[in-house]
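Quick note: residue numbers are just sequence positions, from 1.
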Amino acid sequence: MHNLAIQKLALFITTLHSVLGADAPSKFPIPWDEAVVKAKTFVAQLNTSEKVGLVTGSYGSSRTLPCVGSIAAIERVGFNGLCLSDGPAGLGRSDGVSVFASGITVAATWDRRLMYERGRAIGEEFRAKGAHIHLGPSCGPMGRHGRGGRNWESFGPDPYLAGIAMNETIFGVQSVGVQATAKHYLGNEQETQRVATTAPDGSVIDAISANIDDRTLHELYIWPFADAIHAGTASVMCAYNRINGNYSCADSDTLTTILKDELAFPGYVMSDWDATKSTVGTANAGLDMEMPGNQTISGTYYFGDSLIGAVEAGTVTLDRLDDMATRVMTPYFRLGQDDGFPTPDPSSGGVFLTYIYGHESPLAGIYPAVPALDVRGDHAQGIRELGAAGTVLLKNLNGILPLRNKTSFGLFGNDLPDPALGSAYLVYGDDATGNEMGTLNIGGGSGTVRHTSLVSPLEAIRKKVQSLDGRMQWLFDNNEIADGRFRSIYPVPEVCLLFLKAFATEGIDRPDLDFQWNATRAVESTARLCPDTVVITHGPGVVLMPWANNENVTAILAAHYPGEETGNSITDVLWGSVEPSGRLPYSIPRTAADYGPPIVELPSNVTDSNAWQSNFVEGQLIDYRHFDANNDITPLYEFGFGLSYTTFKMGHNLTVEVVKSPLDPKADKRHGIAPGGLVDLWSITTTATIDVTNTGSRSGFAVPQLYVSLPQETTPRGTPLKVLRGFEKVHLAAGETQTITFSLKRRDLSYWDVNEKSWIIPDGTIGFAAGFSSKDLRAKAEVAVLL
């Protein structure tokens, strides 16, 4: 068939599916038990080879390019296969899609509605593109290390906030019939040596082992995954690293004992790409789906024919294979993907090949470069709203923001214009600095998304200044700015807006916590020139701001990675049509040494195959918990902090009521187990109420937060001094007061007893504190637990 005919056919197919298949059936999801029955009935029709095809990526198929991974069709039973696509911030390797805000930006909103709506919008685009499985959201890494290359993809280092974000995102994605994948399970906290390497002598050096005690696993790293399972996530992706000495995708303790037994996860465990290390051990440990199967980069995969051989030899039982296949098919039926689902947009194959080969692709005849199906709809509006809501105002001297009665502006920094290298930065895993010239609104690696549309800060601010009949001067070269060469600037602007950026990507950890491209010197030079310097930052999370106390730096806005509407979002905030209602989902330290444990880094000539060990000796004490435990170390800006364009006060009367008293120390197993664990753990046991008042002259969003302190006397050593256990984002008109109610589940008041292997409510007095950040606590109460 000629290329023109192929293009016309592809356009017809994608258009047809857009019309007939993009809307998710309203009757789904169905209950898990009903979906399991359907899945078992389906699997019972299959022979061994077909069952293996359901658990092995691309097994029996060679044309999977439009998807990053796939499960081949079984035509004789009417199964059309599964398409898996990156990533957590939008559909990767595609065109006609939206670049959504990163996970850390979402967490900075502290807004459940926006978390859900973003998830739903992502799901809508995946569905319209024919992608059954969304490889996201991510809560691993959580951000134990500030330098972690993939921290920006996740929701930050607090398990409660991350768990809420996982819950809302998964509900959103799956509300339109697309499967969500909670990743990366477990202990995937650094990119350095995340995979095995080969030493100069040819020996294999194993991936780093995250060595984490049982209590820390449960109360910190597994906590948001429990929320994901409780929300109904279809799948969980195991990680590249080892966990307590075993490769994550072959660790029966975390995959079977915890995930499938304790947390009652009914879906399937999927490997990260090329993370499978064996056939029998991996399958028996609890891995249900190997990715990418015969499309593996290394050329080696362990399921497929090898799994058939293992089943025939009896080293993997037929019952286990049936369980694997049933688990894979259960979410497919639960979300109604058997009831009409679009086929993959073939243009994604062309985009991917262009990434690799440019426009001289040797496979162009198979995957022609056809125009993409545009699935963005009206999502730009939501991206713009969330980008503004995830912007945190850290400093605002003399009320310089929002900008009023200013007509002369200086725009400085290499983060302002469109990216010089185009719509996607494609260097993977070997560049820690990113694109020198151009705005940074998303990180790198498999989680990046190609821009079909991008509104840069320069574009949006120029339009705004023109509407004010104002004047704008600019200088983008950070070297010129750092050296103080402002020779083109005259007169000195009334306000200077300096845009800084810090790049982060999969495959490599950040070399430091600094903003890049001479950022510190650029701030100092700009501040010398301009008494009103406003610094706007785009970054992946934890960053250093040694210039924060400069008196000429009158305002600081942390805008994170806000997605394709980045320019409009920040312009809305700067001029006050929208307030910066974000709050930090992490702490900003004064120095890198203040933040916590360093990334493990060993010499390149290591020959010990087991040398890479990361001992999580700090337990749960990361981020604000670390600062609480070390009172002599004060963060520059603490977890939960953020200013507003108005002011708020909180009442002093924090009222706590135990809904069920007396409380049994253990959750009652008689009430059953469901996805997420014991049913009792998810029941409301306590409520706390507090009044919040807007004391300013304009409306705004307050984010009251509730922290819980378990008694140090009756809990094991290592219990944090306090942990976040509630928050609300509430809009208040000027002068308005609202009563905020926090509802706490019994899990929120429990600790994990490593001897009992159970969640325990401790004996003694539990403390409650409400405030506007982890350091700004306005009201306290105590409750004596009666056991």
Side-chain angles (χ1 to χ4, degrees), residues 157-163 212-227 230 258 262-263 616-631 654-671 673 676-689 705-727 742-771 774 777 779-787:
D158 181 76
Y160 183 89
L161 178 58
I212 313 174
D213 67 90
D214 190 32
R215 185 182 177 198
T216 299
L217 275 176
H218 279 81
E219 294 189 41
L220 185 59
Y221 296 102
I222 291 175
W223 182 290
F225 283 101
D227 283 281
H230 190 250
I258 295 176
E262 179 189 318
L263 297 179
F616 287 45
V617 293
E618 75 286 350
Q620 300 178 55
L621 304 183
I622 64 172
D623 199 83
Y624 71 89
R625 303 161 180 229
H626 160 74
F627 288 106
D628 285 349
N630 296 273
N631 280 329
L654 175 63
T655 302
V656 179
E657 179 183 358
V658 178
V659 177
K660 298 179 180 179
S661 184
L663 293 172
D664 291 331
K666 295 183 182 179
D668 194 337
K669 295 182 179 180
R670 293 174 301 172
H671 294 162
I673 188 170
L678 293 175
V679 172
D680 272 8
L681 291 174
W682 301 92
S683 63
I684 302 299
T685 60
T686 309
T687 61
T689 58
Q705 301 156 36
L706 182 73
Y707 295 84
V708 168
S709 297
L710 298 183
Q712 296 285 317
E713 301 82 4
T714 57
T715 55
R717 183 179 178 181
T719 298
L721 292 181
K722 65 176 181 291
V723 291
L724 180 72
R725 287 296 183 260
F727 67 88
F742 305 101
S743 297
L744 288 81
K745 303 177 180 68
R746 87 169 288 121
R747 183 176 70 144
D748 298 328
L749 303 179
S750 303
Y751 73 95
W752 178 256
D753 188 306
V754 298
N755 296 315
E756 295 284 343
K757 296 295 182 182
S758 180
W759 289 96
I760 303 293
I761 294 179
D763 192 10
T765 299
I766 297 178
F768 298 80
S774 64
L777 303 176
K780 296 183 178 181
E782 293 183 342
V783 170
V785 177
L786 302 175
L787 299 179

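Here the closest heavy-atom approach between residue Tyr751 and residue Pro716 is recorded as CE1-CD, 3.5 Å. Between Gln712 and Pro720, the shortest heavy-atom distance links the atoms NE2-O, 3.4 Å. For Ile673 against Leu678, the heavy-atom pair with the smallest separation is CG1-N, 4.1 Å. Nearest heavy-atom pair, Ala688 versus Val656, reported as atom, atom and distance to 0.1 Å: CB-CG2, 4.1 Å. Nearest heavy atom pair, residue Pro224 against residue Leu220, reads CD-O, 3.3 Å.
Not a single donor-acceptor pair under 3.5 Å links the side chain of Thr686 to the backbone N or O of Leu744. Side chain of Tyr160 to backbone of Arg725: a donor-acceptor contact under 3.5 angstrom is found. Trp682 places a side-chain N or O within 3.5 Å of a backbone atom of Gly676 that can act as its donor or acceptor partner.
Taking 4.5 Å as the limit, some side-chain heavy atom of Pro711 sits within range of a side-chain heavy atom of Ile766.
Under the side-chain hydrogen bond (donor to acceptor under 3.5 Å, both in side chains) criterion, His230 pairs with no residue, sequence neighbours left out. Listed by chain and number, the residues in a side-chain hydrogen bond (donor to acceptor under 3.5 Å, both in side chains) with Lys745 amount to none (sequence neighbours excluded). With sequence neighbours excluded, the residues satisfying side-chain hydrogen bond (donor to acceptor under 3.5 Å, both in side chains) with Glu618 are Arg144. With sequence neighbours left out, Lys757 forms a side chain to side chain contact (heavy atoms under 4.5 Å, CB included) with Asp214, Trp752. Under the rule for a side-chain hydrogen bond (donor to acceptor under 3.5 Å, both in side chains), the partners of Glu219 that lie at least two apart in sequence or sit in another chain are Arg215, Gln620.
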Which is it for Leu749 and Val708 under the side chain to side chain contact (heavy atoms under 4.5 Å, CB included) test, yes or no, and what are the steps along the way?
CA-CA 8 Å; Leu749 303 179; Val708 168; 4.1 Å; yes
Audit row: Arg747, Asp227, side chain to side chain contact (heavy atoms under 4.5 Å, CB included) steps and yes/no
CA-CA 11 Å; Arg747 183 176 70 144; Asp227 283 281; 2.9 Å; yes
Under the side chain to side chain contact (heavy atoms under 4.5 Å, CB included) criterion, do Ile760 and Ser750 qualify, and how do the steps go?
CA-CA 5 Å; Ile760 303 293; Ser750 303; 5.8 Å; no
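With ring centers used as reference points, Tyr221 lies under 6.0 Å from Phe616.
Legend: salt bridge (charged side-chain N to carboxylate O under 4.0 Å, His left out) pairs involving residues 708-722, not counting sequence neighbours, sorted by first then second residue: Asp628-Lys722.
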